[in-house]
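Letters A, B, ... are given to chains in the order of the sequence lines, protein chains preceding strands, and every chain is numbered from 1.
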Protein chains: 2
Amino acid sequence: MSDKDETCENGLSPDALRATTLDAQICFALYSASSRMTKLYRPLLEPLGLTYPQYIAMLALWEKAPRSVGSLKEALGLDFGTLSPLLKRLEAQGLVDRRRDPKDERRVIVDLTEAGRALRVSASKVPEEIVCRVGLPRETMVSLREALRQLNAALDENGAPKA
Amino acid sequence: MSDKDETCENGLSPDALRATTLDAQICFALYSASSRMTKLYRPLLEPLGLTYPQYIAMLALWEKAPRSVGSLKEALGLDFGTLSPLLKRLEAQGLVDRRRDPKDERRVIVDLTEAGRALRVSASKVPEEIVCRVGLPRETMVSLREALRQLNAALDENGAPKA
DNA sequence: TTAGATTAAATCGTACGCGATTTAGATAGG
DNA sequence: CCTATCTAAATCGCGTACGATTTAATCTAA
């Protein structure tokens, strides 16, 4: 545990006390913004037959395939308990296939099918449409990204190890 | 549809094209940060017998009770389909009670029980502990809140109406 | 007033999301 | 070897999440 933990136990500074509400605001704003962004994706992803988690799994696979389920778990921060059925659905849709790694039979290797690779073309129109629908100026987007990057980095280091 | 929609249909500016990756980064960072924050709350809320969505429902009730299910729906941005069973679980735990509004029998009024009000005391320690565990300096938290506020405002106005 | 529309909430079906357990394959130490 | 441990993934149970449908109550206009 870092030295920051020490200042937690005892008396809160006025700043920390004021931060109490701040925290609630941030956490709820985060929770709210995240689920609303997911809702914004829904109508764009539905024609592709994908949910948002399935979409980010496909993004990871378009980036690099074949790859193991564990590698997707690390990349997406999702549990095996979430990924296993999700990948099974993608397989049922004919977008990926799954097979045991002959080198290590514990591993499962996920790869894109021809249909999975083909889907990338229609999916490529999604992000620009999202940026457009959000309608925020570029500087705002950049500073949001920066703030989120710092938060995720802090979560890496402190409380929330890995995924 | 606002006038911003027009600029979407036709040619993308270089900025918009560059924003494509930015969007993916922001959406995933948002998604990731939100679920990791929820994980950060989990060990603190477990002793209280609450999940994170149950916790924000209690926060809303500590703020104002009694109130209708619809009022919670608006405040939390959650669906009736999510809230109904969630509130039923809070009722089963003896933290709230639910009854029909005599003035309008369609409405259901949720109110805190004595146990529900009492829980506020132990819950009050949670936010400061979260701020501590995240370990970000106050200015970073403030700019994050500001960026999220702008995003949520944009989602109110554009794509994501209400909840 | 009464049929039709609107509204509040519940219910249903499907898909996450994750902790805990299980299964099966790899690895290490004796 | 052979057992103990570790690891990758699947499975299970419970609790969100939400679109779609249903139910019941209110409102509205002819």
Is the number of heavy atoms from other residues, nucleotides or ligands within 6.0 Å of NZ (B:Lys103) greater than 12? no
Strictly below 4.0 Å: does B:Arg42 bring a side-chain N or O up to OP1 or OP2 of C:dG19? yes
B:Thr82 versus B:Lys73: any side-chain heavy-atom pair under 4.5 Å? no
Please state how far atom CG in A:Leu72 lies from atom P in D:dA9, giving the value in whole angstrom units. 9 Å
Would the distance check show the side chain of B:Arg107 and the main-chain N or O of B:Asp101 forming a donor-acceptor pair, the cut-off being under 3.5 Å? no
Return the value, rounded to whole Å, for the distance between atom OH of A:Tyr55 and atom C1' of C:dC16. 18 Å
Mark yes or no for whether A:Arg100, through its side chain, and A:Glu105, through its backbone, hold a donor-acceptor pair below 3.5 Å. yes
Is the shortest side-chain N to carboxylate O distance from B:Glu91 to B:Lys88 below 4.0 Å? no
Calculate the interatomic distance between A:Glu46 atom CD and D:dC18 atom P; express it in whole Å. 15 Å
May I ask you to verify if any side-chain N or O of B:Lys73 is less than 4.0 angstrom from the OP1 or OP2 atom of C:dA9? no
note: B:Glu74, atom CD; C:dA9, atom P; distance rounded to Å ~ 10 Å
Quick one: do A:Leu30 and A:Leu151 satisfy side chain to side chain contact (heavy atoms under 4.5 Å, CB included)? Show the steps, please. CA-CA 11 Å; A:Leu30 204 52; A:Leu151 174 59; 3.8 Å; yes
Any Lys/Arg nitrogen of B:Asp156 or A:Arg36 sitting under 4.0 Å from an Asp/Glu carboxylate oxygen of the other? yes
Tightest non-hydrogen contact, residues A:Ala57 and A:Leu72, listed as O-CD2, 4.3 Å
Which residues share a side-chain contact (heavy atoms from CB on, under 4.5 Å) with A:Ala147, sequence neighbours left out: B:Leu144
Classify B:Ser68 by what it touches in the nucleic acid, base, sugar-phosphate, or nothing, heavy-atom distance under 4.0 Å. sugar-phosphate
Give a yes/no on whether any side-chain N or O of A:Tyr52 is located under 4.0 angstrom from OP1 or OP2 of D:dC18. no
So does A:Gln54 get a side-chain nitrogen or oxygen closer than 4.0 Å to the phosphate oxygens (OP1/OP2) of C:dA15? no
Do any N or O atoms of the protein come closer than 3.5 Å to N or O atoms of nucleotides 11-14 of chain D, and which pairs are they?
residue, atom, partner, partner atom, Å
D:dT11, OP2, A:Lys88, NZ, 2.7

Atom CZ of A:Arg99 and atom P of D:dA9: how far apart are they, to the nearest Å? 13 Å
In whole angstrom, give the distance that lies between atom CG of B:Leu83 and atom P of D:dG19. 13 Å
Tell me which nucleotide among D:dA9, C:dA10, D:dT16 gets nearest to the side chain of B:Thr51. D:dT16
Whole-Å distance, B:Tyr41 OH to D:dT16 P, equals 16 Å
Rounded distance (Å) that lies between atom C1' of C:dC16 and atom CD1 of A:Ile56: 11 Å
Give the residues of residues 100-111 of chain B touching DNA chain D, defined as any heavy atom closer than 4.0 Å, sorted by residue number. B:Asp104, B:Glu105, B:Arg106
